[in-house]
Structures are given as C-alpha cells and as structure tokens.
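Below: one structure, written as structure tokens.
Only a predicted model underlies this, so the values are computations on that prediction, with no experimental measurement involved. What you see below is based on every heavy atom in this structure, not just the backbone, and it leaves out hydrogens, waters and symmetry mates.
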Amino acid sequence: MITKENILAIAKKTILSESEAITKLIDFLDENFYEAVQRIYESKGRLIVTGIGKSAIIAQKMVATFNSTGTPSMFLHAAEAIHGDLGMIQNDDVIICISKSGNSPEIKVLVPLLKRFGNTLIAITGNTTSFLAKGSDLVLNTTVDTEACPINLAPTNSTTAQLVMGDALAVCLMEMRDFKPEDFAVYHPGGALGKKLLLRVKDMIEHSLKPAVTPDTSIKKAIFEISEKRLGVTAVIEDNKIVGIITDGDIRRMLNDVDTIADLTAKDIMSKNPKVVSSETMAVDALNILEDFSITQLIVADNGEYKGVLHLHDILKEGIV
C-alpha cells in the first residue's frame, strides 16, 4: 500500500534527481555555449526554436521566454516544418533544434533541410554523437544519466535539463542587451505585472473629478464639494496654486472641536503642504507614498497646476496590489 510517507519520499527523490541533473549541466558549458550566445546576439534575424514531442513543448516555453526578454523568436514544430512551415525561416535567422536522442525520424529529415538554408543550427541534445549533433554548427550538451521516471522512459530529467539550458541562454542574452525592468514592461503590458511597471498616475485620474474650493469658501460649501465629488477630499486653491487640503477626517475633527461652523472657512481647518505627486508618477510609487504616510488620497499637480486627486481605491481597482 502506498502511504503518505511513500508519496512524499517519491516526490523528494524526483526533485533531487532533477536538481542533480541540472547541476551536471555546469560541466557541459563550453566554447559552444559561448558561441551560441554570440551568434544569437549578433543575428539580424530571429531565433527559430524547433523540436518534436516533449522537446517541442520545451521549445515553445523557450520561445515565450526569449520573446519576453528581448530576443525575437518563433516556434517551429519539427513535424510541421516539412509540410510548409519551413517557409517561416529567413536568411538571417538562427535555429535551435531540441532533441534528447538527436536521432528521431523527424529530426533526421529536418536537419538536412535546415542546413540547406545556410542558417546557424544549434543543437540542444543529450546525445553528442547523434545525427542532430553531427549536423549542427554548435552543440549544447544536455545529457542526463537517467530520467526521474521510475521506468526511466518518460522525459523528466532530460526535459528539465533542456529547459534550464534555454533559460541560461535567455539570461545571458538579457545581460548582454542590458535588459531593464522598463524593457520587460514593454513586452508585459497586461495584468498586474504590466501595470506595476507601466501604469502612471495620469492614467488613473484622466476622467476623475477635481474637487476644489478657495481659502475663503465656507465650511458648508466645502463639505458639499467633498460630498459631491465623492473622493473624501478637496483641494484648497488660491491664485491657481494649491495651498491646502481638506479631508473627511478634517471635517470630523472640526465637528468634535466646535459648536458652530457658521463663521468657519476652508482656511481655518485645511491642512497645509499636502502630499503632492505629478501626473507622470508611477502608480506603484504613488502607492508607496500612501502607505508610508498612512493616507488614502494624494493631490496631483504638474508644475503647480492642479490636475486632480488620486485615491487609494483607484490603485486598488487596477489590481496592482
């Protein structure tokens, strides 16, 4: 009977086996790897990554990684290549072909066709004497002693090794391109990650209301302004400059301290020197300011010109937290 202890032991053995296979890749890094990185970096074309079976799935993941880190790439299925998809290959493209054995029928058909175009062909294979290895310009060795699979058949260690070799290439290319977070954002504009890297304050206040009163505005009218604009705050403006801010909290504190508001004006209860950000401020930086000062609103102004109010809820709605 398989017990909980047995299952956990099998899982640990699998992870250990794959980690050891990855570690051994370090010893396989040589001039071929260096040259592969150089040729991809210097290429004026794209990086075409091809494979069959499980290796094709690894190839697709590699393409996704390369594309998102600044190396234009395309996936070519080895079986479909000979039925018309070879047409995607252009003269300046570099090709990576992935195969554990390097001797599968599809690979044997494909390699001579790829070489016919004169492109640089890089093999990622676990068999350095294979048909693929012998037909390639450069060989990246991903040999594994065994698979983690208990019957040593299902690709496990071998596909993990292929994946890690692809990641090593991608990271080297990122370093060579001096790839920065801003570059990463260009390729990841959607979702929380993209918004953290791209979204600016101006994108969130473009259609928002701009509550504003003057220093001499009565408290009653200031309360109406705060309630009408529904941002829990109003800016206090004098001579087109922001001189203060009144929040819901300021109103509550005032009501606790006075018996009548008839003679009070905005300047009597406003907070001077409010926290101000420009419309070009990154949303994530604005969020940090809100958190640092334990506030929920920020005045937005460009060169002293009042642009609106950024509320914590605006940031939360964008899902970047």
Where do [X] and [Y] come nearest, in terms of heavy atoms and distance?
X	Y	answer
Lys229	Pro211	CG-CB, 3.6 Å
Ser271	Pro274	O-CD, 4.1 Å
Ile251	Ile269	CD1-CD1, 3.7 Å
Glu147	Asn157	OE1-N, 2.9 Å
Ser227	Arg230	O-CG, 3.3 Å
Leu113	Ile82	CD1-CG2, 3.5 Å

Taking the basic N atoms (NZ, or NE/NH1/NH2) and the acidic carboxylate oxygens, is any pair closer than 4.0 Å for [X] and [Y]?
X	Y	result
Lys115	Asp137	yes
Asp92	Arg46	no
Lys180	Asp178	yes

Hey, quick one: are [X] and [Y] part of the same hydrophobic cluster, counting side-chain heavy atoms closer than 4.5 Å, chains of contacts allowed?
X	Y	value
Met204	Leu298	yes
Leu25	Ile98	yes
Val164	Ile124	yes

[X] side chain to [Y] side chain, donor-acceptor N/O pair below 3.5 angstrom:
X	Y	result
Ser278	Thr281	yes
Arg177	Thr69	no
Thr65	Lys61	yes
Thr160	Glu18	yes
Ser101	Asn103	no
Asn127	Thr129	yes
Glu238	Thr214	no

For this session: Mind telling me whether His77 and Phe75 have parallel, tilted or perpendicular rings, with 30° and 60° as the class edges?
Result: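 Rings of Phe75 and His77: perpendicular, as their planes differ by over 60°.
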
For this session: Would you check if the side chain of Asn141 reaches a backbone N or O of Thr128 as a donor-acceptor pair within less than 3.5 Å?
Result: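 It does not hold such a pair.
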
Taking atom [atom1] of [X] as the centre, does the number of heavy atoms from other residues, nucleotides or ligands within less than 6.0 Å exceed 12?
X	atom1	answer
Asn273	CG	no
Tyr34	OH	no
Asp263	CG	no

Exercise. When rounded to the nearest 0.5 angstrom, what distance separates CD1 in Ile22 from OG1 in Thr142?
Worked result: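 Spacing of CD1 (Ile22) from OG1 (Thr142) equals 11.5 Å.
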
Exercise. Atom CD1 of Ile261 and atom CD1 of Ile219: how far apart are they, to the nearest 0.5 Å?
Worked result: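 Reported to 0.5 Å precision, the distance equals 7.0 Å.
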
Problem set entry | Contact check, side chains of Lys221 and Ser218, non-hydrogen atoms, under 4.5 Å |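 Answer yes - side chains close enough.
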
For this session: Flag the pair Val243 / Pro215 as yes when at least one side-chain heavy-atom distance between them is below 4.5 Å, and no otherwise.
Result: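 Val243 reaches Pro215 side chain to side chain.
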
